[in-house]
Amino acid sequence: MKIASFNINGIKARINALTDWLAGADADVVVLQEIKSVDETFPRAHFEDLGWNIETHGQKGFNGVAILSKLPLEDVIRGLPGDDGDEQSRYIEATVTGVQAVRIAGLYLPNGNPVPGPKYDYKLAWMERLRLRAQELLAAEMPVVMLGDFNIIPEARDAASPEKWREDALFLPQSRAALRRIVWRGWTDAIRARDPWSTRGPFTFWDFQGGAWNKDDGIRIDHMLLSPQAADLLEETGVDREARAGEKPSDHVPVWVRLAA
DNA sequence: ATGGTTGACTTTCAA
């Protein structure tokens, strides 16, 4: 089972880029972030005609996540548990069954800038709720893939220019510690696990500003965390870097993992 | 040098 994540930065603006990438990716499941669309205006029929089952959790203008799957999507949860007052659409879960059942958690973690301020407070509070949900998922002792745009640069080697991010919500020690607090309980960072001694990247995001792509001034913020039962099934991971050089690209590129599931 | 780019959606905000 090949499972991918792609922050598309607007489904309407990216429908061609996404369709082209899907045609060559051979993915079974794709989680999307920043659809920037309400559920009603997501181009559902376009993707259904290509054979995808679709579950969305959108909102007007910003954020929004979705799952595309060639296999049926079951037991869907919309929204990160733990705060019924949270209006932002950043989390969706579903179960996909191939050889065996895999729980998929697609997430768009808050950016958190500027720091300090209410947006950073929201980021840290959201991460605490994610920690609690991650613990519940580990307790299920089943294959789980928790993936998406985490908006966290885990280590200095995950940025081309770490000094530029020193004061940023994506790289502050407190942000990175909050991610480690989740991961260390038993999750495997799939991209890092397949290339543990990499000294640079691989990057998954290059800002639209300042010619970041042309300078390869990237960061690694799109992650795939595997539960132990999923890590046991890990076959291959990848970062589809070439997507950043395409026509009207997103600022993120797809990341993917293949499991024997 | 206090810049630069993109998307959604209105006139600015979020990233």
Side-chain angles (χ1 to χ4, degrees), chain A residues 5-21 31-44 46-47 56-66 79-80 86-91 106-127 130 147-154 158-172 174-176 178-179 203-223 240-255:
Chain A
S5 172
F6 195 175
N7 180 325
I8 54 171
N9 196 351
I11 185 61
K12 192 175 167 188
R14 223 65 71 195
I15 189 159
N16 290 330
L18 176 59
T19 302
D20 291 349
W21 174 76
V31 299
L32 303 175
Q33 302 88 41
E34 286 202 86
I35 62 174
K36 295 186 175 181
S37 157
V38 294
D39 297 335
E40 292 73 23
T41 55
F42 189 93
R44 170 176 285 274
H46 171 82
F47 293 102
T56 61
H57 181 44
Q59 71 178 90
K60 185 177 178 177
F62 307 100
N63 306 325
V65 291
L80 180 63
D86 186 355
E87 306 271 314
Q88 300 193 28
S89 298
R90 297 178 170 276
Y91 189 86
L107 64 93
Y108 176 47
L109 207 147
N111 176 294
N113 284 303
V115 182
K119 291 188 175 178
Y120 193 56
D121 296 341
Y122 175 68
K123 177 177 194 148
L124 293 178
W126 202 95
M127 291 185 79
L130 182 64
L147 74 170
D149 177 358
F150 281 68
N151 268 318
I152 300 280
I153 303 166
D158 294 309
S161 313
E163 68 283 355
K164 289 203 297 201
W165 299 91
R166 193 172 305 280
E167 307 290 321
D168 194 283
L170 277 59
F171 192 57
L172 281 174
Q174 200 177 355
S175 306
R176 294 154 60 196
L179 180 62
F203 305 136
T204 67
F205 169 93
W206 297 260
D207 203 293
F208 286 128
Q209 301 185 60
W213 168 246
N214 290 327
K215 293 186 278 192
D216 195 24
D217 188 8
I219 53 177
R220 187 172 75 98
I221 55 175
D222 299 271
H223 307 302
D240 288 347
R241 185 185 160 93
E242 65 279 3
R244 189 63 176 79
E247 191 86 2
K248 250 174 93 79
S250 172
D251 40 6
H252 295 251
V253 297
V255 299

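Convention: sequence-line order gives letters A, B, ...; per-chain numbering from 1.
- Along DNA chain B, the nucleotide nearest to A:Asp251 and the one nearest to A:Gly210 differ in position, and the one closer to the 5' end is contacted by A:Gly210.
- Listed nucleotides B:dG4, B:dA8, B:dA14 differ in distance to A:Ala13; the shortest reach to its side chain belongs to B:dA8.
- Counting only heavy atoms from C-beta on, A:Asn63 has its side chain closest to B:dA15 among B:dA15, B:dT6, B:dG7.
- Of the candidates B:dA15, B:dA14, B:dA8, B:dA15 carries the atom nearest the A:Glu34 side chain, counting heavy atoms from C-beta on.
- A search for side chain to side chain contact (heavy atoms under 4.5 Å, CB included) contacts involving A:Asp86 returns A:Asp83, A:Gln88, A:Tyr122, A:Trp126, A:Arg129, not counting sequence neighbours.
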Could you go through the salt bridge (charged side-chain N to carboxylate O under 4.0 Å, His left out) check for A:Lys248 and A:Asp20 one step at a time? CA-CA 12 Å; A:Lys248 250 174 93 79; A:Asp20 291 349; over 6 Å; no

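- Phosphate proximity of B:dA14 to A:Arg90: absent, as no side-chain N or O sits under 4.0 Å from OP1 or OP2.
- Closest to the side chain of A:Lys60, from the set B:dT10, B:dG7, B:dA15, is B:dT10.
- The C1' atoms of B:dA1 and B:dT12 are separated by 24 Å, rounded to the nearest whole Å.
- Heavy-atom nearest nucleotides on DNA chain B were determined for A:Ile35 and for A:Phe205, and the one closer to the 5' end corresponds to A:Ile35.
- Listed nucleotides: B:dA14, B:dT5, B:dA8. Nearest to the side chain of A:Phe208: B:dT5.
- For A:Lys12 and B:dG7, the shortest distance from a side-chain N or O to OP1 or OP2 is not below 4.0 Å.
- For the pair A:Arg90/A:Leu80, no side-chain contact is recorded, criterion being any heavy-atom separation below 4.5 Å from C-beta on.
- Shown here are the side chain to side chain contact (heavy atoms under 4.5 Å, CB included) partners of A:Asp168, two or more places apart in sequence or in another chain: A:Asn113, A:Trp165, A:Leu170.
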